[in-house]
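Report on one structure; see the data block that follows.
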Amino acid sequence: MKVAVVTGASKGIGRAVSLALAKEGYSLAIGARSLDLLEEVAEKTNAFYSFLDVSKEDSVNQFAQKVLKRFGRVDLLVANAGIGVGGRLDEVSDEDFERVLQVNTLGLWRSIKAFLPALKKSRGLVIAVTSDISTRLIPGSGAYVASKWAARAILRTFQIENPEVRFLELRPGAVDTHFYGKPGRRREEGFMKPEDVAEVVRAIVRLPNHVRVEELMFRSIYQDPEY
Ligand SMILES: NC(=O)c1ccc[n+]([C@@H]2O[C@H](COP(=O)([O-])OP(=O)(O)OC[C@H]3O[C@@H](n4cnc5c(N)ncnc54)[C@H](OP(=O)(O)O)[C@@H]3O)[C@@H](O)[C@H]2O)c1
């Protein structure tokens, strides 16, 4: 039995990745705050689901305990939960900056930390969803960008400290999800669909365990190739 955990699985990329991993034969544990949406994903994937707020240490630890009690092992962690915050750095509020760091940066760190002993045991894989902006600068999105640069630093440090686990920084460009409000944008506007990201994840998990893909940036052919 191969066990995958997906955070932020109620919507968007996490939902699509969960559906794809179920098709790949993984037993799934999924978490997010919207239990009604999670339940719907669980029905389609036969997943174990539970409330998860990655911005709270207790919530992450309780989630991990439940998952490990249920399955006893974890082979793959998709640390995907994330939020966006806009605004120039001289306008973004303290509260918003703190919120985006709590979810995208500390939430990612907490999620990996909670499952690390199990991942070490299984010599498993972490796929952390950052963004194509994790090495770029976007005026008007400084807090979000900083949260993803920091996530990248955390991941690389985890990799050096834990060579028995494989850490992949997954860096999609624009994806048509709730991240931008209501989904429904056309591919020609530069957006991929969550299913496109799920296909990339599917290709990664099919690779042999002795291959460590450390970073993967990919975008729609309609998005400008900015670096
Ligand atoms: N869309 C893009 O263009 C794009 C591009 C590159 C990278 N990304 C990254 O992809 C990831 C997924 O985003 P998405 O585009 O799929 O957006 P989305 O449709 O808004 O989905 C975000 C997911 O994260 C969950 N989430 C948010 N806060 C959470 C918290 N405190 N605890 C647990 N789960 C939480 C949400 O679930 P609940 O609200 O139910 O908790 C939801 O399932 C994010 O890390 C984002 O930064 C997105």
Side-chain angles (χ1 to χ4, degrees), residues 5-20 29-42 47 49-64 67 77-86 96 98-112 114 126-136 138 141 143-152 154-155 168-185 187 189-198 200-201 215-220 222-223 226:
V5 178
V6 183
T7 72
S10 59
K11 288 178 247 174
I13 293 170
R15 180 183 188 279
V17 166
S18 299
L19 298 178
I30 59 177
R33 295 164 306 168
S34 314
L35 279 176
D36 51 338
L37 298 177
L38 265 189
E39 187 178 2
E40 188 244 322
V41 179
Y49 72 98
S50 184
F51 177 88
L52 170 66
D53 182 348
V54 298
S55 70
K56 307 265 185 322
E57 185 184 14
D58 284 356
S59 178
V60 174
N61 290 340
Q62 280 163 20
F63 176 73
V67 171
L77 168 65
V78 183
N80 161 76
I83 56 169
V85 159
D96 278 353
E98 210 167 275
R99 201 160 50 90
V100 78
L101 292 176
Q102 274 297 349
V103 178
N104 296 1
T105 311
L106 297 178
L108 179 105
W109 163 69
R110 280 184 200 107
S111 305
I112 295 172
V126 174
I127 299 179
V129 182
T130 63
S131 171
D132 68 332
I133 58 84
S134 74
T135 60
R136 292 169 53 207
I138 314 281
S141 292
Y144 177 68
V145 170
S147 76
K148 295 293 187 180
W149 277 59
R152 175 178 172 85
I154 287 168
L155 271 175
L168 163 63
E169 185 192 357
L170 196 72
R171 302 179 57 205
V175 186
D176 179 32
T177 68
H178 291 88
F179 191 83
Y180 299 99
K182 207 164 173 267
R185 286 159 188 81
R187 287 187 193 278
E189 293 175 79
F191 290 85
M192 296 183 286
K193 297 292 173 188
E195 292 71 26
D196 298 329
V197 181
V200 172
V201 169
E215 180 176 356
L216 193 53
M217 179 166 78
F218 56 101
R219 296 187 273 227
S220 159
Y222 299 108
Q223 185 177 349
E226 290 166 306

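Both ligands and their constituent atoms are indexed starting at 1 by order of listing. Here the structure is a predicted model, which is why all the values come from computation and not from measurement.
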Of all protein heavy atoms, the one nearest atom 40 (O) of ligand 1 is S34 OG, 2.5 Å
For atom 20 (O) of ligand 1, what's the nearest protein heavy-atom neighbour? Residue, atom name and distance, please.
F179 N, 3.5 Å
Side chain, backbone, both or neither: F191 near ligand 1, heavy atoms under 4.0 Å:
neither
In the protein, which heavy atom is nearest to atom 37 (O) of ligand 1, and how far is it?
S10 OG, 2.9 Å
Mind checking the OG1-CE spacing from T177 to M192? Nearest 0.5 Å is all I need.
10.5 Å
Compute the centroid of each ring, for F191 and then for F179, and state whether the two points are separated by less than 6.0 Å.
no
Kindly identify the option in G173, A174, A151, P194 whose heavy atom sits closest to atom 5 (C) of ligand 1.
G173
Between the main-chain N or O of V85 and the side-chain N or O of R99, is there a donor-acceptor pair closer than 3.5 Å?
no
Who gets closest to atom 7 (C) of ligand 1 by heavy atom: V175, T130, D53, V129?
T130
Evaluate I13 for polar contact with ligand 1, using N/O atom pairs at a separation under 3.5 Å.
yes
Is a donor on one side and an acceptor on the other found under 3.5 Å between the side chain of T7 and the backbone of A81?
yes
What residues, two or more places apart in sequence or in another chain, satisfy side-chain contact (heavy atoms from CB on, under 4.5 Å) together with L216?
L168, L170, V200, I204, F218
Atom indices of ligand 1 within 4.0 angstrom of Y180 heavy atoms, with elements:
1 (N), 2 (C), 3 (O)
the protein heavy atom lying closest to atom 34 (N) of ligand 1 turns out to be A81 CB, 3.5 Å
Counting each atom of ligand 1 from 1 as listed, which ones have a heavy atom of G82 under 4.0 Å away?
22 (C), 24 (O), 27 (C), 44 (C), 45 (O)
Looking at T7, T177, V54, the heavy atom closest to atom 17 (O) of ligand 1 belongs to T177
If you take the nearest heavy atom of each of V197, N104, N80, which one is closest to atom 11 (C) of ligand 1?
N80
Once you round to the nearest 0.5 Å, how far does CG of L52 lie from OG of S34?
11.0 Å
Any nitrogen or oxygen of R33, side chain or backbone, less than 3.5 Å from one on ligand 1?
yes
Ligand 1 to H178, heavy atom cutoff 4.0 Å, flagged ligand atoms 19 (O), 20 (O)
Before signing off on this row, confirm whether G8 and ligand 1 have an N or O atom pair separated by under 3.5 Å.
yes
Any donor-acceptor pair under 3.5 Å linking the side-chain atoms of S134 with those of R171?
yes
Ion pair present between R33 and D53, side-chain N to carboxylate O less than 4.0 angstrom?
no
Atom 33 (C) of ligand 1 [closest protein heavy-atom partner, distance rounded to 0.1 Å]
L52 O, 3.1 Å
Roughly how far, to the nearest 0.5 Å, is the CG atom of L108 from the NZ atom of K148?
7.5 Å
Enumerate the atoms of ligand 1 whose separation from the nearest heavy atom of I83 is less than 4.0 angstrom.
27 (C), 28 (N)
So for K148 against ligand 1, with non-hydrogen atoms under 4.0 Å, the contacting part is side chain
Taking atom 21 (O) of ligand 1 as the reference point, the nearest protein heavy atom with its distance:
K11 CB, 3.9 Å
Identify the closest protein heavy atom to atom 6 (C) of ligand 1: which residue and atom is it, and at what distance?
P172 O, 3.2 Å
Tell me, yes or no, whether the heavy-atom count around E189 atom CD, taken from other residues, nucleotides or ligands under 6.0 Å, exceeds 12.
yes
If the threshold is 4.0 Å, N to carboxylate O, is there a salt bridge linking E57 and R110?
no
Interatomic distance, CG@D132 vs CZ@R219, rounded to 0.5 Å, equals 4.5 Å
Which heavy atom of the protein is the closest neighbour of atom 47 (O) of ligand 1, given with residue, atom name and distance?
Y144 OH, 2.7 Å
Which of the atoms of ligand 1 are close to G12, meaning less than 4.0 Å from one of its heavy atoms?
16 (O), 19 (O)
Taking 4.0 angstrom as the limit, do D196 and K193 come out as a salt bridge?
no
